[in-house]
Number of protein chains: 2
Amino acid sequence: MTGKNGAGRRWSIGELARASGVTVRALRHYDEIGLVRAGERTASGHRRYTAGDVRRLYRVRALRALGLPLEEIREALATPADALEAMRALLAAQLLELNGQAERLRRLTEQVRDLMQRLDQASLPDPEDFMTTLETMAMLDGYFTPEQREELAGRRAELGAEAVEQAKARFAGLVEQLLRHVQDGTPTDDPQVQDLVRRWDELGAAFHGDGDSGEQTAAAARRMWREHSEELGARLPWPAEKMAELVAYLESARATH
Amino acid sequence: MTGKNGAGRRWSIGELARASGVTVRALRHYDEIGLVRAGERTASGHRRYTAGDVRRLYRVRALRALGLPLEEIREALATPADALEAMRALLAAQLLELNGQAERLRRLTEQVRDLMQRLDQASLPDPEDFMTTLETMAMLDGYFTPEQREELAGRRAELGAEAVEQAKARFAGLVEQLLRHVQDGTPTDDPQVQDLVRRWDELGAAFHGDGDSGEQTAAAARRMWREHSEELGARLPWPAEKMAELVAYLESARATH
DNA sequence: GCTTGAACCCGCCGTTACGGGAGGTCCTAG
DNA sequence: CTAGGACCTCCCGTAACGGCGGGTTCAAGC
């Protein structure tokens, strides 16, 4: 009787907008990018949407509500055969994507919470301290993977605050002694120096962990020190250039096996 | 001795990019929007970053890594006094934001998973069926709040698949009987009609739930039927215009108390 | 001093999914 | 016949840069 597209209701863009809850602007956008075309136009150019167009719009909206980008929706709807298979693939991919996003969100939330905790409990009086913490965080970002950062944070929590303070004190002692050797020009293969370096590395290992992943973390830390000794040194009670020398001295000492 | 800004190292934009891991383009962008300005320029216009600029960059990167928009970072860093309080507020707001995003992600994931399940277990052979499901989902979106959708899904799961099928069958019976009354022109206050309407509403209540929230859900459903009887009716084994009439008939019957 | 390749400059277009506005045309009711 | 909606087509703006193109400038080697 009636041809496939000949008869049936038509919707103006405004009517369709009201019926579907999509804005007129968005409908025009979908038309423009060819996602949901108005099947017909009046002589004067007004859009006329057919029932088929309306159904397509609803499909698009459903997939959009799942968070899919318009481009992927178009591709999925463009597959006439194997439509179900395409959908399965699309949804599976989206599920992966969402899981990834959830994971990133989890990490971010964790970091923000951690930072707030430091703000609340740690050094109350000095804004500079906190700012410096921020700066250091950004540096760490470039060198450690998220997993490594998580491990480091976990290990610090595990050791406890007083153990960390104790380690810092021991670290300060090592720095003082080593700086004196640097000053005196003691050769790096001197047994005393080697012993100090060994204790330094052991101290670090408590934070980096052991085994292969611990070694990678330690390597990342060394690389960071090598490339940023100035900035990192500025936070310590010794002059930055001294720290740079010290880092070079340490590397040299380690190189002598 | 040396003035506050007179001495000290300067970084070219490329050096700073390599040292910080930020791209040259991003650095120029930060400069352009006034977020991290190069404190100096050479006579020919090349950017020279001072140590202060570098520190500011690291702060910005740290806050950016927490997901904060550049505009908020600028505002937070612009607060000289009360910097810590500003940080606290900033992070607290960000935590709320992240929680909101996580919640939306959870909902999306839930929906995608649900849809995949339908794809896998339900009507395998017909792509049209699934597409129609999609279309219906988009309609529901406009009428039910996320909470209502969740409740509806929960109640359906709770009732079980066979109970849902049984309800559908009873629903079909009611439609047949009511359509006959519409055909015959039975007045809507006829006791038989009123009884059918009562049974109809009871059937719906099993899905909508009871109490105030159930009534709101039911009202949303009625509104949807009123405004979309054509499209929804197209999925049922009765002609769409018959369903539109039926909806009007039902409304009239309910209006006669 | 000159050349040359790398580094740097600025300005502009593109990305997503539309929002919003300008300026003009069309439709329908009174 | 006129008023006021509804509709049309450009076009700019969004966030945070990426990536051109075309033109200086710098630093090192000869």
Side-chain angles (χ1 to χ4, degrees), chain A residues 10-49 53 56-57 59-77 94 97-98 101 104 108 138 141, chain B residues 10-49 53 56-57 59-77 94 97-98 101 104 108 138 141:
Chain A
R10 300 295 130 111
W11 285 260
S12 78
I13 196 170
E15 287 168 347
L16 183 52
R18 278 190 299 279
S20 67
V22 179
T23 66
V24 169
R25 184 63 183 83
L27 286 174
R28 276 201 265 261
H29 182 61
Y30 294 162
D31 193 355
E32 197 178 318
I33 66 173
L35 183 57
V36 181
R37 286 250 149 81
E40 303 174 359
R41 295 279 186 135
T42 66
S44 62
H46 287 197
R47 290 173 181 79
R48 310 261 93 181
Y49 288 90
D53 300 335
R56 186 173 169 93
L57 173 63
R59 292 172 195 194
V60 167
R61 289 311 289 185
L63 294 174
R64 263 245 36 176
L66 299 177
L68 290 158
L70 299 185
E71 186 52 37
E72 284 183 30
I73 295 177
R74 166 157 51 192
E75 287 167 20
L77 293 185
Q94 180 65 356
E97 170 72 20
L98 290 175
Q101 287 191 25
R104 287 189 318 153
L108 281 188
D141 259 352
Chain B
R10 301 294 130 111
W11 286 259
S12 78
I13 196 170
E15 287 167 347
L16 182 52
R18 278 190 299 278
S20 67
V22 179
T23 66
V24 169
R25 184 61 183 80
L27 286 175
R28 274 200 267 262
H29 182 58
Y30 294 161
D31 193 355
E32 196 178 319
I33 65 174
L35 182 58
V36 182
R37 285 250 152 79
E40 303 173 359
R41 297 276 189 139
T42 66
S44 61
H46 287 198
R47 289 173 181 80
R48 308 264 94 178
Y49 288 91
D53 301 335
R56 186 173 168 94
L57 174 63
R59 294 173 194 191
V60 167
R61 289 310 291 184
L63 295 174
R64 263 247 41 185
L66 300 177
L68 289 158
L70 299 185
E71 185 54 37
E72 284 184 32
I73 295 176
R74 165 157 52 193
E75 287 167 20
L77 293 185
Q94 179 66 356
E97 170 73 17
L98 290 175
Q101 287 190 27
R104 286 189 318 149
L108 280 188
D141 259 352

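Numbers restart at 1 for each chain; the letters A, B, ... are given by sequence-line order, proteins then strands.
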So, for [X] and [Y], which heavy atoms are closest and what is the spacing to 0.1 Å?
X     : Y      : answer
B/G14 : B/V24  : CA-CG2, 4.3 Å
B/R37 : B/D31  : NE-O, 3.4 Å
B/A62 : A/A138 : N-CB, 3.8 Å
A/R64 : A/L70  : CD-CD2, 3.3 Å

Atom [atom1] of [X] and atom [atom2] of [N]: how far apart are they, to the nearest Å?
X     : N      : atom1 : atom2 : answer
B/H29 : D/dT14 : NE2   : C1'   : 12 Å
A/W11 : D/dA6  : CH2   : C1'   : 19 Å
B/R28 : D/dG19 : CZ    : C1'   : 11 Å
B/H46 : D/dT25 : NE2   : C1'   : 5 Å
B/R74 : D/dC17 : CZ    : P     : 13 Å
A/D31 : D/dC10 : CG    : P     : 13 Å
B/L27 : D/dG19 : CG    : C1'   : 16 Å
B/R48 : D/dT25 : CZ    : C1'   : 11 Å

> What nucleotide, of D/dT9, D/dC11, D/dA16, holds the atom closest to the side chain of A/R25?
Replying inline: D/dC11
> When you measure from the side chain of A/R41, which nucleotide among D/dC7, D/dC17, D/dT9 comes out closest?
Replying inline: D/dT9
> Does the pair B/R74/B/E71 count as a salt bridge with the N-to-O cut at 4.0 Å?
Replying inline: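 Yes, this pair counts.
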>> Regarding B/R47 and B/D53, does a basic nitrogen lie under 4.0 Å from an acidic carboxylate oxygen?
In response: no
> What are the 5'-most and 3'-most nucleotides of DNA chain C lying under 4.0 Å from any heavy atom of chain B?
Replying inline: C/dC8 to C/dC12
>> Taking A/L35's backbone N and O only, do any of them form a donor-acceptor pair with A/R56's side chain (distance below 3.5 Å, no angle check)?
In response: yes
> Is there a donor-acceptor pair closer than 3.5 Å between any side-chain N or O of A/E15 and the backbone N or O of A/S12?
Replying inline: yes
> Is the shortest side-chain N/O distance from B/Y30 to OP1 or OP2 of D/dA16 below 4.0 Å?
Replying inline: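 No, B/Y30 has no side-chain N/O under 4.0 Å of OP1/OP2 on D/dA16.
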Classify [X] by what it touches in the nucleic acid, base, sugar-phosphate, or nothing, heavy-atom distance under 4.0 Å.
X     : value
A/I33 : nothing
B/R18 : nothing
A/S12 : sugar-phosphate
B/R47 : sugar-phosphate

>> Please compare B/L70 and B/T42 by the position of their nearest nucleotide in DNA chain D and report the one closer to 5'.
In response: B/L70
> Which residue lies toward the 5' end of DNA chain D, A/G14 or B/S44, if each is placed at its nearest nucleotide?
Replying inline: A/G14
>> Using the rule given for side chain to side chain donor-acceptor pair (under 3.5 Å), can you reason through B/Y30 versus B/R61, listing the C-alpha separation, both sets of side-chain angles and the distance that settles it, and then say yes or no?
In response: CA-CA 11 Å; B/Y30 294 161; B/R61 289 310 291 184; 2.7 Å; yes
> Where are the stems of DNA chain C, defined as at least 3 consecutive Watson-Crick or wobble G-U pairs with both distances under 3.5 Å?
Replying inline: C:1-30 with D:1-30
> Are side-chain heavy atoms of B/L27 and B/Y49 found at a separation under 4.5 Å?
Replying inline: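 Yes; the side chains approach each other to less than 4.5 Å.
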